[in-house]
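Worth knowing before you read on, the calculation uses all heavy atoms, side chains too, and leaves out hydrogens, waters and symmetry mates. Because the structure is a prediction, the values reported are computed rather than measured.
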Amino acid sequence: MDPSIFGFSPYVAAFVFGLLGGAHCIGMCGGIMGALTFSVPPELRLPHRVLGLLLGFNAGRIVSYMVVGALVGLVGAGLSHALDSIALVLRVVAAFMLILMALYIANWWKGLVRIEAVGSHVWGVVAPVAKRFMPVVRAGQAFGLGAVWGWMPCGLIYSMLAWSLSIAEPLQGAALMGAFGLGTLPTVLATGVAARRISGWIRNPATRTVAALLIISFATWQLWHLQTMGTMN
């Protein structure tokens, strides 16, 4: 799939999607960011120590995204090699998943919540592992907790994984998910240090609407590009 967005690298597009999807990330990860901050004893709650825990957690989370991105990219490659026609189907599904992500971000339709429910079974198995890293007082524990947290059901992540699946290449799938994870980082870190101004901007209905329209435009352009390729063939 040609995932470039109006001449931009697909990784830039994935980063922007992560950044604009930050309102959802606040709800999913904001609480754990605050918990990490207050898990450090007051006498040891130095800025560099807290920042180390927050960075460790997010590094683990993004690594999990990349691992899953590589796995679904590998699956996509296998499916594409086994059946040429499946590649087009994967690309169309990826574009529609991006549209669903846009509707979700703008609060126009919450259908992705139902998709998140599918992943709740996996989370039920993985979540108990998180308890082994609590309370978090070291960066290694924070990384481990983040690596587990990366498996939490999330419609935005599933949309990006559909894109990684359509790329059908493990390394590119991992890189795409890594770029998306880095895009979520500013908002999640800001939530962890209680940066209300940034989170307020992300939650603003106008911001969410603009983000949704940009993503829908990108997905529509992808579908048009696929239709053009089909016509040429």
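Closest heavy-atom contact between Met101 and Leu156: CG-CD2, 3.1 Å. Between Ala162 and Met97, the shortest heavy-atom contact is CB-CG, 3.7 Å. Taking all atoms of both residues into account, the shortest heavy-atom contact from Ala219 to Ala95 is CB-O, 3.4 Å. The nearest pair of heavy atoms linking Ala106 to Ala212 is CB-CB, 3.5 Å.
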**Study point:** CA sep, side-chain torsions, deciding dist, call: Thr209, Trp108, side chain to side chain contact (heavy atoms under 4.5 Å, CB included)
**Key:** CA-CA 9 Å; Thr209 297; Trp108 293 336; 3.8 Å; yes
Could you pull out all donor-acceptor pairs under 3.5 Å where a side-chain atom in residues 127-135 meets a protein atom, sequence neighbours excluded?
none

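Following chains of ILVMFWY side-chain contacts shorter than 4.5 Å, one can reach Val75 starting from Val89, so the two form part of one hydrophobic cluster. Cluster annotation: Met152 is not connected to Leu71 through the hydrophobic network of ILVMFWY side chains, with a link wherever side-chain heavy atoms come within less than 4.5 Å. Trp149 and Val67 sit in two unconnected hydrophobic clusters of ILVMFWY residues. Membership requires side-chain heavy atoms under 4.5 Å apart, directly or through other members. In the hydrophobic clustering of this structure, Ile86 groups with Val93; members are Ile, Leu, Val, Met, Phe, Trp, Tyr whose side-chain heavy atoms approach within less than 4.5 Å, directly or through other members. Both Ile167 and Leu79 are assigned to one and the same hydrophobic cluster, defined by single-linkage of ILVMFWY side chains at heavy-atom distances under 4.5 Å.
Going from atom CG of Leu90 over to atom CG of Leu165 covers 4.5 Å, rounded to the nearest 0.5 Å. Between atom CD1 of residue Ile215 and atom CG of residue Leu103 there is a gap of 9.5 Å, rounded to the nearest 0.5 Å. Interatomic distance, Phe218 CZ to Gln222 CD, rounded to the nearest 0.5 Å: 4.0 Å. Rounding to the nearest 0.5 angstrom, the gap separating the CD1 atom in Ile216 from the CG atom in Leu98 is 10.5 Å. Taken from OG in Ser164 to OH in Tyr65, the straight-line distance is 12.5 Å, to the nearest 0.5 Å. The CG atom of Leu88 sits 11.0 Å away from the OG atom of Ser166 when rounded to the nearest 0.5 Å.
Residues Phe96 and Val92 meet the side-chain proximity criterion, which asks for heavy atoms closer than 4.5 Å.
Side-chain N or O atoms of Thr184 include one that pairs as donor or acceptor with a backbone N or O of Gly181 at under 3.5 Å. Side-chain atoms of Ser80 do not come within 3.5 Å of backbone N or O of Ala168 as any donor-acceptor pair. Counting only distance, with no hydrogens or angles, the side chain of Gln172 and the backbone of Glu169 share no donor-acceptor pair below 3.5 Å.
With sequence neighbours excluded, the residues forming a side chain to side chain contact (heavy atoms under 4.5 Å, CB included) with Ala59 are Phe143, listed by chain and number. Take Leu161 and apply the side chain to side chain contact (heavy atoms under 4.5 Å, CB included) test, not counting sequence neighbours, and it matches Val68, Val72, Ile157, Tyr158, Met177. Partners of Ala14 by side chain to side chain contact (heavy atoms under 4.5 Å, CB included), not counting sequence neighbours, listed by chain and number: Met160, Trp163, Leu176, Ala179, Phe180. Residues that satisfy the side chain to side chain contact (heavy atoms under 4.5 Å, CB included) test with Leu74, not counting sequence neighbours, are Pro170.
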